[in-house]
Amino acid sequence: MPATQRIDALAGLIGRTVAVRGWVMTTRSSGKIAFVVLRDGTGYLQAVLSKKEVPAAAWGTVGALTQETSVEVTGTVRADSRAPGGGGVELQVTDLRILGASADFPITPKEHGTAFLFEHRHLWLRSRRQVAIARVRHEVIQAIRDFFYERGFVLVDTPILTGAIGEHAGTLFATDYFDLGKAYLAQTGQLYVEAAAAALGKVYCFGPTFRAEKSKTRRHLTEFWMVEPEVAWNDCNDNMTLQEEFVAYVVARCLERRKAELAELQRDTAPLARCVPPFPRISYTDVVETLKGLGATMEWGRDLGGDEETLLAKQYDRPVMVFNYPKAVKAFYMKENPADPRTVLNNDMLAPEGYGEIIGGSQREDDYDRLLARIKAEGLPLEAYGWYLDLRKYGTFVHSGFGLGVERTVAWICGIPHIREAIAFPRTLYKLWP
């Protein structure tokens, strides 16, 4: 029996007889010649059957092939630059057998509404578009890991169940935790990587995070993945420089290694190619004046909304960083700006083309008394933050970090309009299944 091969390996096996297993995408027949386009997760392949060159049983099977039938085809690999699938080869079939029938596959080549497709998300994932998005996401995640590994960062796994919160209490998912009261699904691993940075210097965590916001926008999920580096001795400027290098690295990797997928998504890559440091940096105070000049209704002290972020980002050809936001609209752990105590030493990075904030970061408050005062002012339980305050008691140090949302980044790189498609099984206000 010939060896079973993946489609992406066939270009190196021209002239060889192989077996390929996959799922049927389309079929067509002229009566004597039949064409079956297959996919196997690694690529797409046209299989060509000649009635006079295959067994009668195999030829009879062609008529029973329906969309998503799983099959095994055996044949000779031939070079053909015009063959559908883009691999530069096709298979001249000598035998075909059905492995798993598929009757009435619900997602047909006709147009379907978004609601219908998300109800059938477990099947929609098989489409060329969704496969392309998944491969870009995979590249983004691998690039993230490689970036930090190459720079000597240590991965620290932080808890998903926590008693200490990093953001506003109103956006938490709570659960009873034995006899210890309420536990919360983590909004961030940041507080924990701050502790790890004192041990290891340069660290990051990477995992799912949860926000119970009742948001219906195209930029929000209730469960999303976030990578959060933390670096001892980095101040706010160092933090922004690291963000620039990081985002440029991830985008460059996708441009280099995911050309076919970006082409499948019809992504204009010119805006991505301009994602090269330095990125523009503008203070929040200057942003307010800029937005007013552009006709927006914006007052100092209010956080930027999605419309303001989009309007501002349109003024630049690459990501833009807004720094020193008002203290009142930012988290308790951000360090007060000594040059303007109304503000904190933080920044957001806004992606171009209307994709909004992809990074939020700051220098952390390293003064024990100031941090204690902020915790009290926020009404947070001191007993839950005793360990966090300890970091300022035993060798306090300047440190900074940030969080990048994977789904927003993937949506931007892919050029897709809604964040829902940037993760295999999205969780939104109205979506808990499949």
Side-chain angles (χ1 to χ4, degrees), residues 1-29 33-55 58-59 61-62 65 67-100 125-146 149-150 249-267 269 272-273 413-414 424:
M1 293 291 291
T4 301
Q5 301 288 346
R6 300 284 187 179
I7 290 172
D8 65 353
L10 297 184
L13 299 172
I14 292 171
R16 295 264 298 275
T17 298
V18 301
V20 176
R21 294 170 183 158
W23 295 267
V24 172
M25 298 180 68
T26 61
T27 63
R28 60 187 175 90
S29 174
I33 301 289
F35 302 90
V36 180
V37 176
L38 307 174
R39 59 171 189 83
D40 74 343
T42 72
Y44 303 93
L45 174 69
Q46 178 170 269
V48 183
L49 295 86
S50 171
K51 183 176 182 180
K52 64 181 181 180
E53 294 178 5
V54 299
W59 183 258
T61 297
V62 172
L65 296 180
Q67 187 181 353
E68 292 303 318
T69 299
S70 61
V71 298
E72 180 181 77
V73 291
T74 304
T76 303
V77 181
R78 301 194 311 191
D80 189 337
S81 60
R82 301 168 300 169
V89 298
E90 66 179 16
L91 194 71
Q92 185 64 48
V93 175
T94 55
D95 202 3
L96 179 151
R97 65 189 182 98
I98 291 176
L99 303 177
L125 292 176
R126 304 181 185 191
S127 72
R128 292 182 73 119
R129 172 185 169 88
Q130 299 307 314
V131 166
I133 294 169
R135 290 193 173 279
V136 173
R137 180 188 173 100
H138 171 73
E139 194 66 49
V140 166
I141 289 173
Q142 190 60 50
I144 287 169
R145 296 190 183 279
D146 290 348
Y149 185 82
E150 291 165 8
Y249 179 98
V250 171
V251 171
R253 269 282 290 271
C254 292
L255 289 173
E256 174 192 354
R257 302 189 186 184
R258 295 299 165 191
K259 291 185 178 69
E261 287 80 8
L262 293 173
E264 174 68 36
L265 296 167
Q266 299 181 314
R267 176 56 158 127
T269 58
L272 297 177
I413 292 175
C414 289

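Quick note: residue numbers are just sequence positions, from 1.
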Self-check item: Minimum-distance pair of heavy atoms, taken over all atoms of Leu272 and Ile413
Solution: CD1-O, 3.5 Å
Quiz item: So which heavy atom on Asp95 is nearest to which on Ala58, and how close?
Solution: OD1-CB, 3.5 Å
Quiz item: Any side-chain heavy atom of Leu96 within less than 4.5 Å of one from Val54?
Solution: no
Practice problem: In plain terms, say whether Arg6 and Asp8 are close enough for a salt bridge, that is, a side-chain N and a carboxylate O under 4.0 Å apart. | Solution: no
Practice problem: Decide side chain to side chain contact (heavy atoms under 4.5 Å, CB included) for Ile33 and Lys51; before the verdict, give the C-alpha distance in whole Å, the side-chain angles of both, and the deciding distance to 0.1 Å. | Solution: CA-CA 6 Å; Ile33 301 289; Lys51 183 176 182 180; over 6 Å; no
Quiz prompt | Contact check, side chains of Glu53 and Gln92, non-hydrogen atoms, under 4.5 Å | solution = yes
Quiz prompt | Partner residues of Arg21 under the salt bridge (Lys or Arg N to Asp or Glu O under 4.0 Å) criterion, sequence neighbours left out | solution = Glu72
Self-check item: Sidechain N-carboxylate O distance under 4.0 Å for Glu68, Arg126
Solution: yes
Quiz item: With a distance cut-off below 6.0 Å to the six-membered ring centre and an angular limit of 45° from the axis, does Arg39 pair with Tyr44 as a cation-pi contact?
Solution: no
Quiz item: Roughly how far apart are Glu264 CD and Ile133 CD1, rounded to 0.5 Å?
Solution: 10.0 Å
Exercise. Step through the shown structure and confirm whether more than 12 heavy atoms of other residues, nucleotides or ligands are within 6.0 Å of CD on Gln266.
Key: no
Quiz item: Roughly how far apart are Leu91 CG and Thr76 OG1, rounded to 0.5 Å?
Solution: 7.0 Å
Exercise. For Asp40 and Gly43, indicate whether the former's side chain and the latter's backbone hold a donor-acceptor pair under 3.5 Å.
Key: yes
